[in-house]
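Have a look at the structure below, then the notes.
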Amino acid sequence: MDRILVLIFGLLSILFTYWYFFMKKTKTVQAEGTVNILVDGGYKPDRISIPFGQTTKLVFLRKDSNSCLEEVILADFKVRKFLPLNAKTEIEITPEKKGEFDFSCGMGMFHGKLIVF
Amino acid sequence: MSVLASLRTSQVAKNLVSSFFKTYMMNRQIFAIKGMHCASCVYSNEKALKAIPGVEEAVVNLNTGKATITSDMPIENDVIKSAVTSVGYEAIVGNINKENNLDEKIKKEKAKELKNLQIKTTVSLILGALIVWGSFPGLMSTAPSVLTNLFNQLLLASIVQFWAAYDFYKAAFSSLKHRLANMDTLVVIGTTVAYIYSAAVVFYPGFFEGLNLKAEPYFDVSSVIIGLILLGRFFEAKAKAGTGEAIKKLIGLQAKTARVIRNKKEIDISINEVVVGDLIRVRPGEKIPVDGVIVEGDSAIDESMVTGESMPSSKYKGDIVIGATMNKSGSFVYKATKVGKDTMLAQIIKLVEEAQGSKAPIQRLADIISSYFVPIVIMLAITTFVGWYVFGPSPAFIHAMLNAIAVLIIACPCAMGLATPTAIMVGTGIGAEHGVLIKDAESLETAHKVKTIIFDKTGTLTRGQPEVTDIIFNDSARQFLSRENKVKKSPSPRQFILQLVASVEKNSEHPLGEAIVKKSEEKKLVLSKVEGFRSITGKGVEGIVNGKKVYIGKLLGSESHTGGDSLKSQGKTVVYVYLDDKLVGLIAIADMIKETAIEAVKSLQETGIEVYMITGDNKQTATAIAKQLGIKKENVLAEVLPAEKEKKVRELKSSRLRSNSNYTSSEERSDESRRIVAFVGDGINDAPALAAADVGIAMGSGTDVAIEASSITLVNKDLRSVVRAIELSKKTMRTIRLNLFWAFVYNIVLVPVAMMGKINPIFASAAMAFSSISVVTNSLFLKRQKI
């Protein structure tokens, strides 16, 4: 009896885990010149659309002491920057290509996307 | 009169005093102004700044966007800002200091973090050890009763769980809020399960005994796991600091001050205040502050820190000096041509920083895996628990729990994330130390696959300047000389010919003539006056020197000259010398091969790379030079117009350019999917070819356009750096592959092993701690490699 309960409970947990982490909907935020990104257990917002060919300022504010998030990498823009804790760090980028570009933390655990339109 | 004179003197004295004050006593502040685009902007800003009480002088530079104000007391930043804002612009005050402060802040923060980590690691390992002593079956009997007491164990474990692991909880919760999971999530779930179960056992042992379970807590599991993972983080943080050292080293190279000559006085100023055009004095043993051109004096300069070239180079008036290099012997004055972010060192730092921020294609897979990894591991852990509970031996719950914890703990996505970037950071750093600047991680990755390298000839394989290599004379020259000797003491026949020819060529503007004149200057010959100089198109030049008719050019008449022909076959240009219509000798001129070229070509060929040479020269000259370099005859691309170089690169890339080679069999072609081609060049006309190649390597002595178009820049002129660049790429890639191998072993192989119940959770935590350390340490090993 307890085995069946554990089996059912386990299956439900797996489904819940899948739904919780993989089925989330993300909102895309439109950047106008400047966009503030909160770094706290991930990036908020993590989908940012920015205009092609225009310089956009990304202002990262790191509130999370996790060393994973201490660096942000915008590989397609060749930027690797240390984010001091509880401070704003500005990164200016001017996209020269359209498309979706990933940004992530130093260890590639947390991800965000820049959508150039 | 005397009154006037004394007035003048007093005026002079006043000026002197005021200039002294301006230089030494006045306060100078430099800051940037944003939004200026015209001369009137400059005017309105200067006006606004001068209006600030206390400001003596305000100079705004439109080009640099910087303003300098001179005042007797320092002006507050807010006052400056509001003055500039009042006319519609934005002042960025204290920018330079801010950068320094930021670095300082980062450094402090990192040191604090490390210290904190060290304390937490030590405490949790000690507490963990005490718990193990009090609970491990064999050791338990030797432990004092205070440690075997379960409530005391709960107390110790709680300290570890809620104080030492506090950051794990914080990080895990803030991620979970965003529906994200990371390593902290795994650690938190794993240890919390062990802790809560154990705490429950302590408080309600009867309940578990009723379920046929031994009332045994697992505080050792939770505390030791936390201790070991903290230990792993501590070492990882320490090692990671070493991967970014290159940039710090480069920044540290910069001189702090410069001795500038202003108003005929030498003053020491901060390097940030040096402006273009300043005259700077550098004494022996001093660092050169910024880039510039020598205007007075000469010296030997050690440029190894920037170019990687170990021999000091001699510099004379008119030569370029690079900031941050070390003046060895002489004292000289030079004019600053590049300051601030335009200096070579600043450019190098920017390039390295950019390269370290870029991503290698090999990392993509690891990136994709790590972004899905943690939730998958959580699901696998649940599966493990269910599997062991339903099908496992008794006590099923204990087995299920411990194995699920082991699955959570052994997974280490961090190792996967660190595998590539740490190696790229170390690799690009080592490159910079050796004068090999890599533009991005992708170039570093592609370079190791290069199978074909095309060298541009002029300026890359050769020095790019024609030089006199041989002077040959015959008996007629001796006869002329012996007649001369009767009049005055004359030099050797070679010098005799050179003196006459150089005298005539001085009037010509032909590059070959220049080479001859240069040679005569080297030999310190005094040139004679020339009469009736004329240039015979397609033939040569002639003139009357000391009453003798001197002709230099092609052979007159139809006879051939064996000496000349053999020199020609070596790729040299030969001009014949006639005195009063009699052939007396010849001069051979060639663009000399760089000393390092032969060795570089040989080393590349030894590693299995095919070396090509491309040039606009005729086939004979090109083949002769190629022979000296050891380049195969069929790999010489001669008579290529500058505009065609790019086309040739593209042709080679698609592997079709083998018409004059003997292996065009289909087998040869099909076994290469596509040839990876590198192009090495330096001129403006090389830029399209550099960009078209898979890897464009620009010689640092080359033009900015070439450097811009390339993916790797060699700061020195040493061609062996091409070999080094490829070697560096190979070694970095080997490190990355090894790193990825370990990361995948830990995560892809050990996770199923843990699911099968073969790994104890404590061992799992040790393995996990070790995995990221081993990856970072392996990257650091790259530093020890010789390139």
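Below, chains carry the letters A, B, ... as their sequence lines are ordered, and counting in each starts from 1.
Residue contact with chain A, scored on non-hydrogen atoms closer than 4.5 Å, involves the backbone and the side chain of B:Leu176 alike. With a 4.5 Å cut-off on non-hydrogen atoms, B:Met416 does not touch chain A at all. Neither the backbone nor the side chain of A:Leu15 has a heavy atom closer than 4.5 Å to any heavy atom of chain B. Using a 4.5 Å cut-off between heavy atoms, A:Phe22 touches chain B through its side chain atoms alone. Interface residue A:Val79: only backbone heavy atoms are found under 4.5 Å from chain B. With a 4.5 Å cut-off on non-hydrogen atoms, B:Lys439 touches chain A through its backbone and its side chain both. Of the two parts of B:Glu236, only the side chain, counted from C-beta on, holds a non-hydrogen atom closer than 4.5 Å to a non-hydrogen atom of chain A. Within the 4.5 angstrom heavy-atom criterion, only side-chain atoms of A:Ile73, from C-beta onward, approach chain B. When heavy atoms are compared at a cutoff of 4.5 Å, B:Asp167 approaches chain A solely by way of its side chain, counted from C-beta outward. Of the atoms belonging to A:Asp2, heavy atoms from both backbone and side chain fall under 4.5 Å from chain B. For B:Glu113, the part lying near chain A is the side chain, with the backbone staying farther off; criterion is any non-hydrogen pair under 4.5 Å.
Here the side chain of B:Arg179 pairs no donor or acceptor atom with the backbone of A:Lys25 at under 3.5 angstrom.
Of residues 109-117 of chain A, those residues lying under 4.5 Å from chain B by any heavy-atom pair are A:Met109, A:Phe110, A:His111.
Heavy-atom pairs under 4.5 Å with chain B were tallied for A:Cys105, A:Ala75, A:Gly106; the largest tally goes to A:Ala75. Annotation: maximal heavy-atom pairing with chain A below 4.5 Å, among B:Val390, B:Leu117, B:Asp184, occurs at B:Val390. Of all the listed residues (A:Ala87, A:Gly41, A:Ser13), the one sharing the greatest number of non-hydrogen pairs under 4.5 Å with chain B is A:Gly41. Top candidate by heavy-atom pairs under 4.5 Å with chain B, chosen from A:Asp102, A:Leu83, A:Leu85, A:Asp76, is A:Leu85. When the candidates A:Leu74, A:Val6, A:Ile4 are compared by the number of heavy-atom contacts under 4.5 Å with chain B, A:Val6 comes out ahead. When each of A:Val72, A:Asp40, A:Leu69, A:Asp64 is checked for heavy-atom pairs under 4.5 Å with chain B, A:Asp40 comes out on top.
For the pair B:Lys170 and A:Ser65, the tightest heavy-atom approach, listed with the atom from each and the gap, is NZ-OG, 3.6 Å.
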**Request:** Tell me, with the steps shown, if A:Phe21 and B:Tyr372 meet side chain to side chain contact (heavy atoms under 4.5 Å, CB included).
**Result:** CA-CA 9 Å; A:Phe21 293 112; B:Tyr372 295 104; over 6 Å; no
**Request:** Evaluate the criterion side chain to side chain contact (heavy atoms under 4.5 Å, CB included) for residue pair A:Lys24 and B:His178; output intermediate values, then yes/no.
**Result:** CA-CA 9 Å; A:Lys24 68 175 168 179; B:His178 294 93; 5.6 Å; no
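Under 4.0 Å is where a charged nitrogen must lie from a carboxylate oxygen, and between A:Glu71 and B:Lys240 no such pair does.
Here the OG atom belonging to A:Ser104 is positioned 3.5 Å from the NZ atom belonging to B:Lys359, to the nearest 0.5 angstrom.
Taking A:Tyr43 as the reference, A:Phe103 meet the ring-ring contact (aromatic ring centres under 6.0 Å, His included) condition, with sequence neighbours excluded. In this structure A:Tyr20 satisfies the ring-ring contact (aromatic ring centres under 6.0 Å, His included) test together with A:Phe16, sequence neighbours excluded.
Side-chain contact between B:Ser174 and A:Lys63 is absent, with no heavy-atom pair separated by less than 4.5 Å.
Annotation for A:Phe52: atom CZ counts as buried by contact number, over 12 foreign heavy atoms lying within 6.0 Å. No more than 12 heavy atoms of other residues, nucleotides or ligands shown are found within 6.0 angstrom of CZ on B:Phe235.
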Donor-acceptor contacts, no H, no angles, side chain residues 374-383 of chain B, under 3.5 Å, sequence neighbours left out:
from: B:Thr383; atom 1: OG1; to: B:Met379; atom 2: O; distance (Å): 2.7

